[in-house]
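Everything numeric here is computed off the predicted structure, so don't read it as measured data. Just so you know, ligand 1 is whichever comes first in the structure, and atom 1 is the first atom listed for that ligand.
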Amino acid sequence: MNSKSILLTGGTGLIGKNLTKQLLAKGYRVSHLSREPGKDPHVKTFLWDIHKGEIDADCIDGVDIVIHLAGAGIADKRWTEERKKELIDSRTKSIGLIYHLLRTKKHQVHSIISASAIGYYSDRGDELMTETSPPSNDFMAKCCIEWEAAVDEGKQLNLRIVKFRTGVVLDNGGALAKLAMPIKLYVGSPLGSGKQWIPWIHWLDVVDMYMYAIENETFTGTYNMAAPNPVTNKQLTRAVAKQLHKPLWAPKIPAFLLKLLMGEMSTIVLGSTKVSARKIEDAGFKFKYPEITLALKEIYG
Ligand SMILES: NC(=O)c1ccc[n+]([C@@H]2O[C@H](COP(=O)([O-])OP(=O)(O)OC[C@H]3O[C@@H](n4cnc5c(N)ncnc54)[C@H](OP(=O)(O)O)[C@@H]3O)[C@@H](O)[C@H]2O)c1
């Protein structure tokens, strides 16, 4: 039995659900900070309202590590000015509420492990992005810069800070389901030129990386969270089609059409981000799914 207590924000999401399961299996005490009451009897749920600046002050009692995953879905809605504000506020004001609590209440929290995103680098062609590469200057980059800066405020509280610049997480739902649906319907095809790099990662490696950061208490800093062998959009589309035993014959979807349909948000699918996994590997992390075929085989069974 592990006696450590972990509080997750956004613990009900794609990553949070899987991480919660793994933490419980390993004997950790797990609690969530959520906008709604929880349903899992093994997890205590505390409530917060980021817009009203309200948080249940009991949420940090006995907690050792906070995992910050909360954030409005990046690709859920069109990026209006109001939506952009929501995307940033849900990530920055949220961690700000926790820091305010840590400043004003006795606690034993020593570490903050937070998501960030590969959107920090955004659209960079074939250049290999390391953690010291400068950020881009579009909306996704602005969002990530503000998100990371808000998390870094915790350094003033002498907290250990880990930030994971997360790539496209592949599991049965999420981005992969969106990509696979047209392929299943025989209308799948690469997007735009198809040459854009996709910084993918298998969900089990995501969970393992969070566990690695939780269990190695000297581990600190910013790390790319993407597999060591990135693929292009065309390679990924082909690999999924092969795994699903479907042909690919539809023409490429032109970039202008995607820009028309998605607006500014089209950078998510048209942008090219080739990301290095060297830093996390040098820190001793071993990927279970370093290669796309292996990852897709596991996902599609
Ligand atoms: N999955 C990916 O491919 C990927 C890639 C790059 C970065 N990331 C980042 O990693 C983090 C976790 O990813 P995920 O895929 O697990 O996210 P997710 O499935 O979208 O879940 C995020 C959670 O955040 C909370 N949330 C949603 N909207 C919110 C709002 N407006 N205000 C406050 N909280 C809100 C929700 O929890 P409650 O309903 O319990 O409040 C939700 O379950 C996110 O910040 C995401 O941007 C993910």
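- By the 3.5 Å distance cut-off applied to N or O atoms, Ile15 is counted among the residues near ligand 1.
- For Ala117, no nitrogen or oxygen atom sits less than 3.5 Å from a nitrogen or oxygen atom of ligand 1, counting backbone and side chain alike.
- Only the side chain of Ile50 comes within 4.0 Å of ligand 1, counting heavy atoms alone; its backbone N, CA, C and O stay farther away.
- Phe139 carries Lys84 over the face of its six-membered ring, with the cationic atom under 6.0 Å from the centre and within 45° of the normal.
- Environment of NE2 in His100: sparse, with no more than 12 heavy atoms of neighbouring residues, nucleotides or ligands closer than 6.0 Å.
- With Phe46 as the aromatic partner, Lys44 meets the cation-pi criteria of under 6.0 angstrom to the ring centre and within 45 degrees of the ring axis.
- In terms of polar-atom proximity, Glu86 is counted as a contact of ligand 1, with an N or O under 3.5 Å from an N or O of the ligand.
- Ring centers of Tyr212 and Tyr210: at least 6.0 Å apart, outside the cut-off.
- Counting heavy atoms under 4.0 Å from ligand 1, residue Phe164 does not touch it at all.
- Using 4.0 Å as the threshold, Gly11 has no heavy atom nearer than that to any atom of ligand 1.
- Contacts of Glu36 with ligand 1, taken as heavy-atom pairs under 4.0 Å, are absent altogether.
- A cation-pi arrangement is absent between Lys4 and Tyr28 under the rule of less than 6.0 angstrom and at most 45 degrees off the ring axis.
- Contacts between Ala72 and ligand 1, counted as non-hydrogen atom pairs separated by less than 4.0 Å, involve both the backbone and the side chain.
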